[in-house]
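When a residue number appears, it is its place in the shown sequence, counting from 1. One-based numbering, in listed order, for ligands and for the atoms of each.
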Amino acid sequence: MIYLNGQFLPLEEARVPVLDRGFIFGDGVYEMIPVYSRRPFRLGEHLCRLQASLDGIRLANPYSQAEWERLIGELIARNPGTDDLSLYLHVTRGVAPRDHAFPADVVPTVFMMANPLTTPSPAQLEMGVAAVTTVDNRWLRCDIKAISLLPNVLLRQLAVDGGAVETVLLRDGFLSEGSASNIFVVSQGVLLTPPKSNLMLPGITYDVVLELAAAADIPHQVRPISEAELRGAAEVWLTSSTKEVLAVATLDGQAVGDGRPGPLFQRMYRLYQEFKTKVMRKGSV
Ligand code: PDD
């Protein structure tokens with residue numbers, strides 16, 4: 001079952017008018033919330049980021065936090081069978097005659113769906129994955145989780161074309177993020193990641209990894225990372241709600257470190273899985 005504008009219905013029955021501004025302009029924002037053991041992880045943080053994205057595109061939030069929580073709970077309840085889900089929610093500026101300017105008095109379109117959560121395969125975890133790099137040619141509001149993902153789609157396809165799983169983006173000689181993930185590197189024994197800014201999405205998984213690093217006394221710094229540091233890194237990791245923490249084994253065909261997931265990755269992966277069992281599955285943050 002999916003949720004569309006106040007109704008729960010089968011996906012095949014869901015219809016959106018072609019003049020929806022999401023379809024015409026990509027005028028909307030979204031969230032992807034992982035659900036573990038039927039409990040949405042960091043729902044408050046995801047709803048807070050949704051609010052920031054809505055503010056970023058000047059669209060009033062159609063629901064209160066309590067309403068979102070209730071609807072998300074109901075969507076999970078209506079999708080029995082799988083305990084771990086990826087919950088996608090999406091708000092567009094609604095249906096109106098095509099004109100770039102905001103329409104007056106339009107009702108936003110709200111869509112939500114829940115799919116089984118697919119995390120990296122055992123082989124990917126053991127061997128790491130291939131990534132490629134390219135220039136980050138997206139706009140300057142990458143902190144907004146916008147549904148207009150054409151730049152990310154094109155960037156990600158470069159990875160697929162090169163037999164890789166992710167494209168790591170560099171802007172003005174510095175690491176920004178991946179096409180659908182945040183990036184961490186290990187350099188001289190220190191875990192590094194770029195500071196949140198308008199140039200990247202403030203990842204919820206990014207926050208978790210930094211918290212786990214702090215709690216485990218892993219030396220870490222949040223600071224700009226140059227292209228040279230990225231290329232010379234002993235380890236490179238991707239983080240996202242669906243990839244969790246995943247090691248990059250090759251970058252543009254060159255081995256990262258010794259070309260296998262490194263020791264700090266192994267440690268962080270264990271910490272993350274432990275956190276998942278003890279915290280995420282219990283519904284606490
Ligand atoms: N993407 N950066 C970008 C550009 C992303 O699209 C994502 C997530 C992230 C990581 O954010 P989080 O840790 O909150 O998942 C960073 C989701 C999974 C998607 O588009 O499917």
Side-chain angles (χ1 to χ4, degrees), residues 22 26 28-36 40-53 56 72 84-91 111-120 124 129 131-160 165-171 174-185 193-213 222 225 236-246 248 268-269 271-272 275-276 279-280 285:
V29 297
Y30 76 106
E31 272 299 320
M32 241 291 311
I33 307 167
V35 175
Y36 294 102
F41 178 59
R42 296 216 167 164
L43 184 52
E45 284 81 351
H46 279 281
L47 292 176
C48 192
R49 186 170 70 184
L50 174 68
Q51 185 62 57
S53 295
I72 288 168
D84 291 0
L85 298 164
S86 77
L87 201 145
Y88 174 87
L89 74 83
H90 154 144
V91 184
F111 168 58
M112 291 199 276
M113 62 179 167
N115 293 304
L117 181 67
T118 326
T119 51
Q124 287 182 322
V129 296
V132 298
T133 65
T134 196
V135 170
D136 192 344
N137 59 5
R138 299 172 303 163
W139 67 336
L140 295 174
R141 288 307 307 274
C142 297
D143 54 324
I144 298 175
K145 206 161 171 55
I147 60 167
S148 30
L149 284 172
L150 185 55
N152 303 62
V153 166
L154 293 171
L155 291 166
R156 173 73 198 290
Q157 190 60 32
L158 292 178
V160 175
V165 312
E166 182 58 304
T167 305
V168 175
L169 306 174
L170 291 152
R171 191 173 319 236
F174 286 86
L175 171 65
S176 48
E177 60 176 341
S179 71
S181 58
N182 291 115
I183 309 290
F184 286 73
V185 309
T193 195
K196 288 181 184 175
S197 75
N198 60 312
L199 302 181
M200 64 174 244
L201 187 80
I204 308 290
T205 321
Y206 164 105
D207 289 342
V208 172
V209 168
L210 284 176
E211 287 166 28
L212 293 174
V222 176
I225 297 162
V236 176
W237 311 342
L238 315 174
T239 69
S240 82
S241 295
T242 48
K243 294 194 186 76
E244 302 184 336
V245 193
L246 185 59
V248 174
M268 182 54 73
Y269 180 75
L271 290 169
Y272 197 90
F275 183 74
K276 200 155 104 178
V279 179
M280 298 176 177
V285 291

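Looking at heavy atoms from C-beta onward, Ile183 lies out of side-chain contact with Thr193 at the 4.5 angstrom threshold. Residues Lys196 and Asp143 have side chains not in contact (no heavy-atom distance under 4.5 Å, counting atoms from C-beta outward). Between Thr119 and Thr242, the closest side-chain pair of non-hydrogen atoms is not below 4.5 Å. In this structure the side chain of Leu169 reaches within 4.5 angstrom of the side chain of Thr134, judged on heavy atoms.
Between the side chains of Ser181 and Glu166, at least one donor N or O sits under 3.5 Å from an acceptor N or O. Between the side chains of Asp136 and Ser176, a donor-acceptor pair is found at a separation under 3.5 Å.
Assignment of Ser179 to the shell around ligand 1 is supported, since a heavy atom sits closer than 4.0 Å. The closest approach between any non-hydrogen atom of Lys145 and ligand 1 is below 4.0 Å. Contact analysis puts Tyr30 in contact with ligand 1, with a non-hydrogen atom separation below 4.0 angstrom.
Protein heavy atom nearest atom 6 (O) of ligand 1, with residue, atom name and distance: Ala180 CA, 3.4 Å. Thr205 OG1, 2.6 Å is the protein heavy atom nearest to atom 13 (O) of ligand 1. Summary of contacts: the protein heavy atom closest to atom 11 (O) of ligand 1 is Gly203 CA, 3.5 Å. Of the protein's non-hydrogen atoms, the one nearest atom 10 (C) of ligand 1 is Asn182 OD1, 3.6 Å. With respect to atom 15 (O) of ligand 1, the closest heavy atom belonging to the protein is Ser241 OG, 2.7 Å.
Considering both main-chain and side-chain atoms, Ile204 comes within under 3.5 Å of ligand 1 through a nitrogen or oxygen pair. By the 3.5 Å distance cut-off applied to N or O atoms, Tyr206 is not counted among the residues near ligand 1. Here's the thing with Ser240: none of its N/O atoms is less than 3.5 angstrom from an N/O atom of ligand 1.
Of the possible donor and acceptor atoms, one in the side chain of Arg156 sits under 3.5 Å from a partner among the backbone N and O of Val165.
The distance from ligand 1 to the heavy atoms of Glu177 drops below 4.0 Å at these ligand atoms: 2 (N), 3 (C), 4 (C), 16 (C). Which parts of ligand 1 touch Met32 is read off a 4.0 Å heavy-atom cut-off, strictly below it: atoms 21 (O).
The existence of a salt bridge linking Glu177 and Arg138 is confirmed by a sub-4.0 Å separation between a basic side-chain nitrogen and an acidic carboxylate oxygen.
Contacts between Cys142 and ligand 1, counted as non-hydrogen atom pairs separated by less than 4.0 Å, are absent for every part of the residue. Neither the backbone nor the side chain of Met200 has a heavy atom within less than 4.0 Å of ligand 1.
The option with the heavy atom closest to atom 18 (C) of ligand 1, from among Thr242, Leu155, Asp143, is Thr242.
Ring centroids of Phe184 and Tyr206 are separated by less than 6.0 Å, placing the two rings close together.
Between His46 and Met32, the closest heavy-atom pair is CE1-O, 3.1 Å.
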